[in-house]
Amino acid sequence: PPAMKVEVFCRLNKIPHTTVIAPRPGPHGRWPWIEHKGKTLVDSRRIIEYLTKEFGVTMDDGLSDEQRATKAMLRRTTEDHMYFCACRHFLVENPNWSRRHSQMAVPDFFLGALYDVVRQNQIDALDAGTVGDLSVAEFNADWLQDVKAVSSVLKQVAERSAAGGGKGPFLLGTPEPTEVDCVVYAH
């Protein structure tokens with residue numbers, strides 16, 4: 001999801017880029033990472049902050065305080081907790097799911113090696129204190145609580161838009177996508 005978020009952000013904002021499937025993580029052992037004007041940037045949030053400044057992106061400029069608060073909640077819930085829940089679900093609880101459902105057009109031997117590296121990196125991150133030490137029941141309860149919270153917010157936004165209180169079809173009721181649309185879409 002972090003790489004997809006950066007990809008969607010670049011496409012929506014017409015930022016010229018080349019996507020490369022890297023055989024190993026970038027600096028600090030993480031994906032995604034970019035190189036731009038001699039700089040190497042790691043972490044999707046920091047990459048988007050950099051690209052926003054560098055390319056004068058204005059997709060969030062017209063947001064109200066309420067929309068910014070909703071954006072922060074959706075962003076942090078999806079990036080910081082739901083992401084790790086999904087990693088645990090697909091890489092720990094169901095380790096063969098991702099391998100069987102990959103859409104990458106690469107040879108199987110390479111995909112297997114890449115998958116093993118990504119899987120181990122994510123398991124290490126989970127064990128560092130996110131959701132890796134939860135029992136299966138605790139993990140399922142936490143993930144379900146997050147999904148319900150995000151669903152509730154999205155339902156409220158949809159109802160407000162349908163009632164004429166929103167100006168558009170996107171997550172924050174905006175006529176154009178915002179950064180949080182990239183985040184939630186990628187997750």
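Screening residues 57-78 for ring-ring contact (aromatic ring centres under 6.0 Å, His included) gives no qualifying pairs among residues at least two apart or on separate chains. Listed by first and then second residue, the ring-ring contact (aromatic ring centres under 6.0 Å, His included) pairs that reach into residues 1-26 come to none, sequence neighbours excluded.
Taking the side-chain hydrogen bond (donor to acceptor under 3.5 Å, both in side chains) definition, one finds that Asn13 meets it with nothing, sequence neighbours left out. The side-chain contact (heavy atoms from CB on, under 4.5 Å) test applied to Pro32 returns Pro2, Ala3, Val6, Ser44, Ile47, not counting sequence neighbours. By the salt bridge (charged side-chain N to carboxylate O under 4.0 Å, His left out) test, Arg11 is found to be paired with Glu7, residues two or more places apart in sequence or in another chain being considered. Taking Glu176 as the reference, nothing meets the side-chain contact (heavy atoms from CB on, under 4.5 Å) condition, with sequence neighbours excluded. Take Arg46 and apply the salt bridge (charged side-chain N to carboxylate O under 4.0 Å, His left out) test, not counting sequence neighbours, and it matches Asp43. Annotation: salt bridge (charged side-chain N to carboxylate O under 4.0 Å, His left out) contacts of Asp60 (sequence neighbours excluded): Lys71. Not a single side-chain hydrogen bond (donor to acceptor under 3.5 Å, both in side chains) links Asp142 to another residue, sequence neighbours left out. For Thr70, the side-chain hydrogen bond (donor to acceptor under 3.5 Å, both in side chains) test picks out no residue, with sequence neighbours left out.
Judged by distance alone, the side chain of Ser151 and the main-chain N or O of Val147 form a donor-acceptor pair under 3.5 Å.
Within 6.0 Å of atom CD in Glu49, more than 12 heavy atoms from other residues, nucleotides or ligands are found, so the atom counts as buried in its surroundings.
A continuous path of hydrophobic side-chain contacts links Val57 to Val8 [ILVMFWY only; heavy atoms under 4.5 Å].
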#### Entry: Verdict with reasoning, Val150 to Asp146, per side chain to side chain contact (heavy atoms under 4.5 Å, CB included)
CA-CA 6 Å; Val150 171; Asp146 284 352; 5.6 Å; no

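By the 4.0 Å N-to-carboxylate-O rule, Arg75 lies close enough to Glu179 to be salt-bridged with it.
Distance OG1/Thr77 to CD/Gln145: 10.0 Å, rounded to 0.5 Å. Note that OH of Tyr185 and OG1 of Thr78 are 14.5 Å apart. Values are rounded to the nearest 0.5 Å. For the atom pair CG of Asp61 and OG1 of Thr178, the computed distance is 11.5 Å after rounding to the nearest 0.5 Å.
Residues Val180 and Val184 form a side-chain contact, since some pair of their non-hydrogen atoms from C-beta on lies under 4.5 Å apart. Looking at heavy atoms from C-beta onward, Leu74 lies out of side-chain contact with Val183 at the 4.5 angstrom threshold.
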Atom pairs and distances, side-chain donor-acceptor, residues 33-41, under 3.5 Å, sequence neighbours left out:
from  : atom 1 : to    : atom 2 : distance (Å)
His36 : ND1    : Tyr50 : OH     : 2.8
Lys37 : NZ     : Glu54 : OE2    : 2.5

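Here the closest non-hydrogen pair linking Leu172 and Gln67 is O-NE2, 2.9 Å.
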